[in-house]
Amino acid sequence: MKVLLAAGGTAGHINPAIAIADTIQKQDPSAKILFAGTPNGMESTLVPKAGYHFVPIKVRGFQRKLTLKNIARNIDAVKCLMTSDFVANKIIKEFQPDLVIGTGGYVSGPIVRKAAQKGIKTAIHEQNAYPGVTNKMLSKQVDLVMLAVEEAKKMFPQQANMVITGNPIRESILSTTKEEARKELGMDDEMCILSFGGSLGAVKVNEIAADIMQWHNKKKKVNHIHACGRLGKDIFPQMLKERHVDLNGNPRIDVRDYIHNMDTCLAAADLVICRAGAITLSELEATGKASILIPSPNVAENHQYHNAMVLQNHGAAVVVEEKNYDAKEMVALVNGFYEDRDKLRRFSKNASKLAILDTSDRIYNALQEIMQ
């Protein structure tokens with residue numbers, strides 16, 4: 001079987017595509033897999049690093065806000081649109097796939113659309129509770145729509161062939177225990193907070209982490225791991241200095257630019273404070289972690305807010321929007337979890353109830369059904 005995957009834009013689209021490819025390859029070692037993506041996007045690096053062949057197709061999204069810079073970008077987007085259909089057709093003609101899968105990003109559009117027009121079996125996977133524009137459009141043409149959460153169903157045409165699969169997550173996330181993680185980190189059994197805002201870092205998440213550290217510094221027995229991000233490594237120390245937090249004076253506080261052992265840190269944590277990207281939330285559910293979610297306001301369709309609200313509505317998280325942030329209220333919220341461990345365990349249990357742990361099997365079985 002030949003499978004063509006189209007994914008691009010962000011790691012949130014690309015990593016699920018790679019996980020789907022891994023699943024197919026594991027079940028069918030003879031399967032031939034090819035990825036299509038933008039030549040300069042993250043996919044051009046992540047896909048070859050994962051061991052898969054990659055072909056480029058130039059696609060750009062249209063900018064809604066009219067500025068001189070965006071007008072130039074939109075002109076380029078029109079040029080890409082005019083050539084993408086031809087390039088998509090060429091890729092499909094040369095590879096001759098039996099199945100084409102899109103996992104989001106503008107690049108999925110021309111590839112999946114052209115495959116559907118040619119009568120090739122097609123599928124898409126939507127990671128978010130609020131789907132992207134590309135997947136909403138493609139849902140009317142494809143043979144299968146795979147969804148991460150039940151709440152996304154109402155956003156698609158009801159005649160679409162939809163199945164809930166969950167989001168693919170790393171096996172190491174599931175295999176690391178809290179006891180093993182804390183031993184590895186040299187951490188005791190006191191409450192552990194994990195906070196992060198992505199590889200670049202987020203100013204607001206850094207501010208929140210600093211406010212919380214000011215609260216527990218030398219006052220509470222709290223272990224705190226925080227990733228300030230590449231852009232935060234210069235400003236975060238200043239934030240701590242303004243709050244009279246001395247990292248050298250508190251061994252319980254662990255500040256890093258980036259968390260390379262996320263599986264270990266996540267396993268050790270009792271409470272997680274982070275953004276609300278789809279894969280991150282699936283990992284919180286899989287590991288049963290209570291969380292305080294700070295949705296990024298700078299994402300398409302405000303999808304992180306919708307992702308986060310799924311957990312809040314199930315009693316697994318508290319959502320705090322940046323525009324409503326108040327330091328005293330945040331400290332009171334975290335202190336509430338610190339003082340009431342039953343509440344912490346209840347949120348953790350509710351997160352576990354949302355977890356889908358057999359995503360790989362669900363995806364493979366759903367794909368097999370449309371191929372028969």
Side-chain angles (χ1 to χ4, degrees), residues 3 5-24 99-109 111-113 115-116 121-170 276-286 293 295 299-314 316-317 350-371:
V3 183
L5 291 111
T10 67
H13 294 314
I14 302 159
N15 288 333
I18 292 172
I20 290 171
D22 289 345
T23 295
I24 293 171
L99 172 65
V100 175
I101 305 167
T103 60
Y106 296 114
V107 72
S108 291
I111 294 288
V112 177
R113 191 179 304 112
K121 293 295 183 181
T122 53
I124 57 174
H125 182 276
E126 176 55 58
Q127 300 87 43
N128 297 293
Y130 195 97
V133 174
T134 302
N135 272 350
K136 279 197 281 189
M137 292 173 62
L138 291 174
S139 66
K140 301 171 185 177
Q141 301 171 273
V142 299
D143 298 291
L144 175 67
V145 178
M146 298 179 284
L147 304 175
V149 294
E150 184 76 29
E151 285 80 356
K153 268 189 174 182
K154 61 180 181 290
M155 305 300 297
F156 288 99
Q158 292 309 300
Q159 65 269 26
N161 177 25
M162 294 181 279
V163 60
I164 309 299
T165 62
N167 277 320
I169 57 174
R170 296 165 288 176
I279 305 303
T280 295
L281 299 194
S282 293
E283 291 179 348
L284 293 180
E285 293 165 1
L293 303 174
V299 294
E301 312 291 340
N302 200 24
H303 67 257
Q304 285 204 6
Y305 171 78
H306 296 282
N307 290 345
M309 288 304 296
V310 173
L311 274 75
Q312 176 165 293
N313 291 338
H314 286 84
N350 289 339
S352 294
K353 289 178 182 177
L354 292 172
I356 298 176
L357 302 179
D358 61 342
T359 293
S360 295
D361 290 338
R362 292 190 187 199
I363 287 175
Y364 189 74
N365 291 338
L367 292 173
Q368 284 293 100
E369 281 189 24
I370 66 168
M371 293 303 295

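Basis for what follows: all heavy atoms, side chains included, without hydrogens, waters or symmetry-related copies.
A 6.0 Å sphere centred on OH of Tyr305 holds no more than 12 heavy atoms belonging to other residues, nucleotides or ligands.
Atoms CE and NZ, from Met155 and Lys136 in turn, are 4.5 Å apart once rounded to the nearest 0.5 Å. Considering CE of Met309 and CG of Asn302, their distance stands at 11.0 Å, rounded to 0.5 Å. Put simply, CG on Leu284 and CG on Leu354 are 10.5 Å apart, with the number rounded to the nearest 0.5 Å. If you take CG on Leu144 and CG on Leu99, they are separated by 9.0 Å, rounding to the nearest 0.5 Å. Distance check: Glu126 CD to Leu138 CG gives 10.5 Å after rounding to the nearest 0.5 Å. Between atom CG of residue Asn167 and atom CD of residue Gln127 there is a gap of 6.0 Å, rounded to the nearest 0.5 Å.
Closest of all the heavy-atom pairs between Ile370 and Ala123 is CD1-CB, 4.4 Å. For Ala276 against Asn307, the heavy-atom pair with the smallest separation is O-ND2, 3.2 Å. The nearest pair of heavy atoms linking Glu301 to His306 is O-CD2, 3.7 Å. Ala308 and Leu281 make their closest contact through N-CD1, 3.9 Å (heavy atoms, listed as atom of the first residue, atom of the second, distance). Here the shortest heavy-atom pairing between Ala116 and Thr122 reads N-CG2, 3.7 Å. The two atoms that bring Ser139 and Pro157 nearest to each other are OG-CD, 3.3 Å, heavy atoms only.
With contacts defined as side-chain heavy-atom distances shorter than 4.5 Å, the pair Asn15/Arg170 does not qualify. A 4.5 Å side-chain heavy-atom check between Gln304 and Leu293 finds every atom pair outside the cut-off. Counting only heavy atoms from C-beta outward, the side chains of Thr359 and Ile169 never approach each other to under 4.5 Å. Inter-residue side-chain proximity for Ser108 and Ile124 is flagged as unmet; no heavy-atom pair is nearer than 4.5 Å.
Side chain of Thr103 to backbone of His13: a donor-acceptor contact under 3.5 angstrom is found. Under a 3.5 Å cut-off, the side chain of Asn135 and the backbone N or O of His125 do form a donor-acceptor pair.
Across Val112, Ile18, Ile14, Ile101, a single residue satisfies side chain to side chain contact (heavy atoms under 4.5 Å, CB included) together with Leu5, and that is Ile101.
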